[in-house]
Structure formats: structure tokens, C-alpha cells
Visitor: 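Here it is, the structure in full.
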Amino acid sequence: MRYWLMKSEPDEVSFDDVLASPRHTTAWFGVRNYQARNFMRDQMQPGDGVLFYHSSCAVPGVAGIAEVASGPYPDESQFDPASKYFDPKATREQPRWMSIDVTAVEQGRYLPLTEMRELPALEDMVLLRKGSRLSISPVTADEWKAVVKRVRAKA
DNA sequence: GCCAACGTTGGC
DNA sequence: GCCAACGTTGGC
């Protein structure tokens with residue numbers, strides 16, 4: 001069992017959107033970075049823990065806890081010329097980009113990025129490293145514990 | 001809107 | 001295979 005942090009722009013897909021979806025589950029599409037794709041393709045397993053992070057918004061931070069709900073499969077949006085994620089070099093025979101399903105599990109408090117930066121347990125977290133832009137990044141068990149604790153805290 | 005950091009592209 | 005130019009990310 002591993003842990004991950006996945007970034008989503010809430011204007012596109014927010015944690016609330018996933019909670020409102022059938023079975024609280026959504027397809028994670030639109031990843032167009034090879035390192036992030038490889039995590040989905042090679043390492044992420046159903047049941048892995050996911051920190052659902054809101055980026056590019058007024059208050060970036062962890063919006064809820066989720067989990068990986070499927071193995072990898074081709075991202076449909078790469079084949080759709082009308083999609084902004086369309087990739088002319090991708091074919092059905094040789095897809096380039098992968099999706100996985102993600103299920104929302106628990107919404108506690110919203111944990112802002114500013115607060116994450118103050119937690120000593122998170123000082124080495126990939127997300128918080130200077131220049132880190134990965135939309136999917138690994139989270140250690142200790143980091144997971146520290147974040148979940150703050151998400152479940154009363155204040 | 002700015003800009004630092006990083007990834008990708010393409011000419012050579 | 002190098003590397004300059006360009007595009008993107010994402011916090012501020």
C-alpha cells in the first residue's frame with residue numbers, strides 16, 4: 001500500500017465534484033507529464049491512499065482524502081479532437097496517456113498549503129520542494145499520517 | 001499578471 | 001546528443 005498526492009484544479013474537478021459523482025468516483029484524466037503517467041501506469045494500485053490537492057486556486061491545499069480505485073487504462077481525452085487534452089500523436093493502438101479511477105473517501109477540514117509548510121513532518125514532502133510541479137507525487141507513510149491527522153483535527 | 005522552475009521540442 | 005527557444009505550472 002502506497003500513498004500519493006494528486007493535484008486537481010477545483011475549477012475543473014474539485015473534491016466536492018468527486019463526492020457528487022456516482023459511487024464518489026471519477027476518472028483521473030488529463031495528465032500530460034511522463035513522470036506522473038508512469039506513476040499511474042507502473043506503481044499506483046487500487047486501495048492506495050490519495051491526498052486530493054487543489055491547485056491554481058485562491059487557497060491551494062488538501063481538500064480531502066481519496067483512494068485509487070482502478071488499474072491504469074487509456075485516457076479517453078487524448079483521442080478527442082475537441083478536448084484540450086487531445087494528443088494528435090496518440091492512437092488507440094498506441095495510447096500515450098493513462099487514467100485511473102479515484103474514489104473520494106473522507107472530507108475533513110481543508111488543509112491549506114500555508115499550514116502544510118509549517119508542519120515539520122512535511123519538510124521533505126515532494127509537493128513542497130522548490131520548483132516541484134509534478135501533478136502526481138509520492139507521499140511517505142509518515143507524511144500521510146501527519147496530513148490525515150491535520151485533516152481530521154477539530155481546528 | 002508576474003516570474004521562477006521545469007519539461008519538451010527541434011535544429012544542428 | 002546538445003542546447004536554445006519555447007511552453008507550462010502554479011504560488012504569489
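Model, not experiment: these values are computed from the prediction. Note on naming: letters A, B, ... go to the chains in the order of the sequence lines (proteins, then strands), and numbering restarts at 1 for each one. Just so it is clear, the values below take in all heavy atoms, side chains as well, and ignore hydrogens, waters and symmetry mates.
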Visitor: If I take atom CZ from residue A/F86 and atom CZ from residue A/F79, how far apart are they, to the nearest 0.5 angstrom?
Guide: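 Taking CZ in A/F86 and CZ in A/F79, the distance rounds to 10.0 Å.
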Visitor: At how many degrees, to 10°, do the end axes of the helix from B/dG1-C/dC12 to B/dC12-C/dG1 meet when each uses five pairs?
Guide: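 Between the axes fitted at each end of the helix from B/dG1-C/dC12 to B/dC12-C/dG1 lies an angle of 10°.
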Visitor: Using a distance-only test with no angle check, is there a side-chain donor-acceptor pair under 3.5 angstrom linking A/S99 and A/R37?
Guide: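 On atom types as modelled, these side chains do not qualify, holding no pair under 3.5 Å.
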Visitor: I'd like the 5' and 3' limits of the part of DNA chain C contacted by chain A, with heavy-atom contacts below 4.0 Å.
Guide: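 The footprint of chain A covers C/dG7 to C/dC12.
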Visitor: Does a side-chain N-to-carboxylate-O contact under 4.0 Å join A/E76 and A/R92?
Guide: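 Salt bridge present between A/E76 and A/R92.
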Visitor: Got a list of side-chain donor-acceptor pairs under 3.5 Å for residues 49-73 of chain A, not counting sequence neighbours?
Guide:
from: A/H54; atom 1: NE2; to: A/F15; atom 2: N; distance (Å): 3.1
from: A/S70; atom 1: OG; to: A/D101; atom 2: N; distance (Å): 2.8
from: A/Y73; atom 1: OH; to: A/D101; atom 2: OD1; distance (Å): 2.4

Visitor: Can you name the nearest heavy-atom pair linking A/L122 to A/M116, along with the distance?
Guide: CD1-O, 3.7 Å
Visitor: With A/S14, which residues qualify under side chain to side chain donor-acceptor pair (under 3.5 Å), at least two apart?
Guide: A/D17
Visitor: Let me know which of A/D75, A/T91, A/D87 forms a side chain to side chain donor-acceptor pair (under 3.5 Å) with A/R96.
Guide: A/D87
Visitor: Mind checking what makes side chain to side chain donor-acceptor pair (under 3.5 Å) contact with A/Q35, not counting sequence neighbours?
Guide: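 Residues passing side chain to side chain donor-acceptor pair (under 3.5 Å) with A/Q35: none at all.
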Visitor: Within residues 31-41 of chain A, find the residues that approach DNA chain C with a heavy atom at under 4.0 Å, and present them sorted by residue number.
Guide: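 Output list: empty, so none.
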Visitor: Please find the pair of heavy atoms, one from A/A153 and one from A/R109, that lie closest to each other, and give the distance.
Guide: O-CD, 3.1 Å
Visitor: Decide whether A/W144 and A/M1 are clustered together by the hydrophobic rule: side chain heavy atoms of Ile, Leu, Val, Met, Phe, Trp, Tyr closer than 4.5 Å, transitively.
Guide: yes
